Undergrad: 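Below you'll find the structure I mean.
The shown structure was predicted, so the numbers you read here are calculated from the model rather than taken from an experiment.
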Amino acid sequence: MTIGIDKIGFATSQYVLPMTDLAQARNQDPEKFSQGLMLDALSITPVTDDIITLAASAAQSILDDEDRQTIDMVILATESSIDQSKAGSVYVHQLLGIQPFARSIEMKEACYSATAGLDYAKLHIEKYPQSRVLVIASDIAKYGIDSSGESTQGSGAIAMLVSSNPRILSFNDDNVAQTRDIMDFWRPNYSSTPFVDGMYSTKQYLDCLKTTWAEYQRREETDLSDFAAFCFHLPFPKLALKGLNKIMDKSLDDSVKTRLKDNFDQSITYSRQVGNIYTGSLYLGLLSLLENSQTLKAGDKIGLFSYGSGAVCEIFSVNLVKGFEKMLRNDRKKDLENRQVISVDQYEQLFYEEAHLDQDGNATFADYKTGAFYLEAIQGHKRLYKGKD
Ligand code: CAA
């Protein structure tokens, strides 16, 4: 029995901030963002979009009635949660109309936890081959106006349906994880934005990659020539490019280097337009690769590097299955082009608007553009979500 990803969906906000405008407003050279970070635009959410609406919209785009009847676990991976107690997946389970006898949980370890979610889903399906598990990575990356991380913000969700006999890719049993207790990026409960030691975080990302890749190679007796492509956690694409160059052995055949570099370029196409989506960003890279590469074929092996600050990382591989291309879209760039372009002033208001609660814990909101779901109001401190007809 093979286990892997049967469907992948994606949702992001309906508003977009071009990096050239942000550069101008912050007195930066636009090429610092377009070449130095390899970012062209950031997805910006209004107050009526959050990790629940993004997660539900991403999943809604892939689920059919049979999925809703057979999913028996919903895992939501996030580091921008809306509640310290209730799992966001409980809202998502209800919004999607999934059958009631399901387990719904939320997982956290910075940008890494969706990978742990996939690992748990795999173990569950090994035991219950008829079941399906919905793993969703949903986040809003918000660092603060004029902060050092402002240029690497973003928002979005990736939904992955994990099943036996998957139609996109199968998991290989080759996961190698690493944990190291570091303070490169963290968000205490009392802060709405993270603390980040930017330069240190990039060094840790690259060193975690190098050392985990060395251990992976030792255990698997492999090198990059066995891979058609390698996807990386994408806080911003330039860091992932540095990662690829770090593990690219100089002795590799030129054709292998070209293949990996070409496929890397396809894997960053969406992130360049969306920015960092934390837990989902590795999987947005995977989706971008699968939907844009012209060379991938069934049987190809793809490596994945997941990194969550704090830090936990993991390298593992997947294999594409026959007919994978039929499960993907070829018009997703249009969705990104259709987002409403906003000015820096509008971004500062939209992205940083807070719910103003009255003394009874009620708040209403203006009518903003969202995907298939939106936060309608807060009543008595309870968040009320609605689907659009
Ligand atoms: N033209 C072309 N390139 C230029 C340029 C210009 N005019 N000016 C600068 N650059 C280049 C720089 O040389 C640099 O590239 P190299 O690293 O290759 O030298 C790049 O642009 C960025 O320049 P700076 O380092 O000066 O940029 P910065 O001070 O704005 O900081 C950052 C960048 C540290 C990533 C900051 O945006 C940040 O703190 N981001 C949040 C933290 C983060 O994303 N960390 C990643 C690892 S942690 C993680 O992965 C978890 C997660 O998701 C957060």
Side-chain angles (χ1 to χ4, degrees), residues 5-22 38-46 48-64 67 92 95-96 114 134-141 153-161 168 231 234 236-237 265-294 296 324-343 346-347 350-351 367-375 385-389:
I5 298 178
D6 190 58
K7 298 180 182 178
I8 309 182
F10 169 60
T12 188
S13 61
Q14 306 301 306
Y15 299 99
V16 62
L17 174 66
M19 293 304 282
T20 44
D21 295 351
L22 185 63
M38 298 173 83
L39 281 171
D40 301 320
L42 305 177
S43 269
I44 300 298
T45 43
T48 50
D49 240 345
D50 64 13
I51 59 152
I52 307 299
T53 61
L54 292 169
S57 297
Q60 172 97 326
S61 70
I62 55 169
L63 298 189
D64 59 25
D67 299 327
V92 174
L95 288 170
L96 294 171
L134 181 60
V135 178
I136 312 175
S138 185
D139 268 307
I140 296 176
Q153 299 180 123
S155 59
I158 287 277
M160 296 171 278
L161 188 64
I168 296 180
C231 294
L234 290 164
F236 53 97
D265 290 342
Q266 304 309 324
S267 77
I268 62 171
T269 305
Y270 296 159
S271 293
R272 284 192 78 114
Q273 302 298 326
V274 170
N276 193 359
I277 61 166
Y278 288 161
T279 46
S281 85
L282 166 63
Y283 300 98
L284 182 59
L286 175 66
L287 184 65
S288 182
L289 169 74
L290 298 181
E291 291 188 341
N292 293 294
S293 171
Q294 300 299 313
L296 288 176
F324 72 95
E325 62 282 350
K326 294 192 200 108
M327 301 302 292
L328 300 163
R329 282 179 54 183
N330 57 14
D331 58 352
R332 203 176 299 274
K333 283 182 195 152
K334 281 207 189 85
D335 289 358
L336 295 175
E337 283 160 17
N338 286 339
R339 289 171 299 173
Q340 184 180 324
V341 176
I342 52 173
S343 67
Q346 287 171 314
Y347 139 72
L350 208 64
F351 208 35
D367 189 15
Y368 294 113
K369 286 180 161 203
T370 67
F373 298 91
Y374 63 102
L375 175 65
Y385 294 98
K386 266 212 162 159
K388 290 184 179 164
D389 300 328

Undergrad: Is a donor on one side and an acceptor on the other found under 3.5 Å between the side chain of Ser138 and the backbone of Ile51?
TA: yes
Undergrad: Ignoring hydrogens, what is the shortest heavy-atom contact between Cys231 and Ser267? Give both atom names and the distance.
TA: SG-CB, 4.4 Å
Undergrad: Which distance, rounded to the nearest 0.5 Å, do you find between the OH of Tyr385 and the CG of Leu95?
TA: 8.5 Å
Undergrad: Can you list everything that forms a salt bridge (charged side-chain N to carboxylate O under 4.0 Å, His left out) with Asp50? Sequence neighbours excluded, please.
TA: Arg383
Undergrad: So does Tyr270 get a backbone contact from the side chain of Ser288, meaning a donor-acceptor N/O pair under 3.5 Å?
TA: yes
Undergrad: Measuring from Met160:CE to Asp6:CG, what's the distance to the nearest 0.5 Å?
TA: 13.0 Å
Undergrad: Is there side-chain contact between Ile52 and Val92, with at least one heavy-atom pair below 4.5 Å?
TA: yes
Undergrad: Before you tell me yes or no, could you show the steps for Phe351 and Leu17 under side-chain contact (heavy atoms from CB on, under 4.5 Å), namely the whole-Å CA-CA distance, both residues' side-chain angles and the distance that decides it to 0.1 Å?
TA: CA-CA 11 Å; Phe351 208 35; Leu17 174 66; over 6 Å; no
Undergrad: Can you sort out the partners of Asp67 under salt bridge (charged side-chain N to carboxylate O under 4.0 Å, His left out), two or more places apart, ordered by chain and number?
TA: Lys7, Arg132
Undergrad: Between Arg339 (side chain) and Leu336 (backbone), is there a donor-acceptor pair under 3.5 Å?
TA: yes
Undergrad: Evaluate the side-chain hydrogen bond (donor to acceptor under 3.5 Å, both in side chains) criterion for residues Lys388 and Thr370: first the C-alpha distance (whole Å), next the side-chain angles of each, then the deciding distance (0.1 Å), finally the verdict.
TA: CA-CA 9 Å; Lys388 290 184 179 164; Thr370 67; 3.0 Å; yes
Undergrad: Output every pair passing side-chain hydrogen bond (donor to acceptor under 3.5 Å, both in side chains) with a member in residues 13-22, not counting sequence neighbours, ordered by first then second residue.
TA: none
Undergrad: Might you work through the side-chain contact (heavy atoms from CB on, under 4.5 Å) test for Thr53 and Thr48, ending with a clear yes or no?
TA: CA-CA 8 Å; Thr53 61; Thr48 50; over 6 Å; no
Undergrad: So, taking the atom named CG in Leu39 and the one named CD1 in Ile268, what distance separates them when rounded to the nearest 0.5 Å?
TA: 9.0 Å
Undergrad: Of all the heavy-atom pairs spanning Leu234 and Pro237, show the shortest one and how long it is.
TA: CD2-CA, 3.9 Å
Undergrad: Between atom CD1 of Ile168 and atom CG of Leu328, what is the distance when rounded to the nearest 0.5 Å?
TA: 5.0 Å
Undergrad: I would like to know whether Asp335 and Arg329 meet side-chain contact (heavy atoms from CB on, under 4.5 Å); could you show each step before the answer?
TA: CA-CA 11 Å; Asp335 289 358; Arg329 282 179 54 183; 2.9 Å; yes
Undergrad: Got a second to check how far Ile5's CD1 is from Leu286's CG, nearest 0.5 Å?
TA: 6.0 Å
Undergrad: Of the non-hydrogen atoms in Gly156 and Leu54, which two are nearest, and what is the gap between them?
TA: N-CD1, 3.8 Å
Undergrad: Testing the basics here: between Gln273 and Asp40, what is the closest heavy-atom pair and its distance to 0.1 Å?
TA: NE2-OD2, 3.5 Å
Undergrad: Which one of Leu287, Leu289, Asn292, Leu284 satisfies the side-chain contact (heavy atoms from CB on, under 4.5 Å) criterion with Thr269?
TA: Asn292
Undergrad: Provide the closest heavy-atom pair for Val341 versus Gln346 in the form atom of the first, atom of the second, distance.
TA: O-OE1, 4.5 Å
Undergrad: Check side-chain hydrogen bond (donor to acceptor under 3.5 Å, both in side chains) between Tyr278 and all other residues, then give those that pass, not counting sequence neighbours.
TA: none
Undergrad: So, the side chain of Ser281 versus the backbone of Ile277: is there a donor-acceptor pair under 3.5 Å, distance only?
TA: no
Undergrad: To the nearest 0.5 Å, tell me how far Asp64 CG sits from Leu161 CG.
TA: 8.5 Å
Undergrad: By salt bridge (charged side-chain N to carboxylate O under 4.0 Å, His left out), which residues pair with Asp367, not counting sequence neighbours?
TA: none
Undergrad: Look only at the side chain of Ser155 and the backbone of Ser43, and say whether a donor-acceptor pair between them is shorter than 3.5 Å.
TA: yes
Undergrad: Give me the atom names and distance for the closest heavy-atom approach of Ala58 to Ser61.
TA: O-OG, 2.7 Å
Undergrad: Checking side-chain contact (heavy atoms from CB on, under 4.5 Å) for the pair Asp49/Tyr374: CA distance, chi angles, key distance, verdict?
TA: CA-CA 6 Å; Asp49 240 345; Tyr374 63 102; 5.8 Å; no
Undergrad: Test of understanding: with salt bridge (charged side-chain N to carboxylate O under 4.0 Å, His left out), list the residues that count as partners of Arg332, not counting sequence neighbours.
TA: Glu291
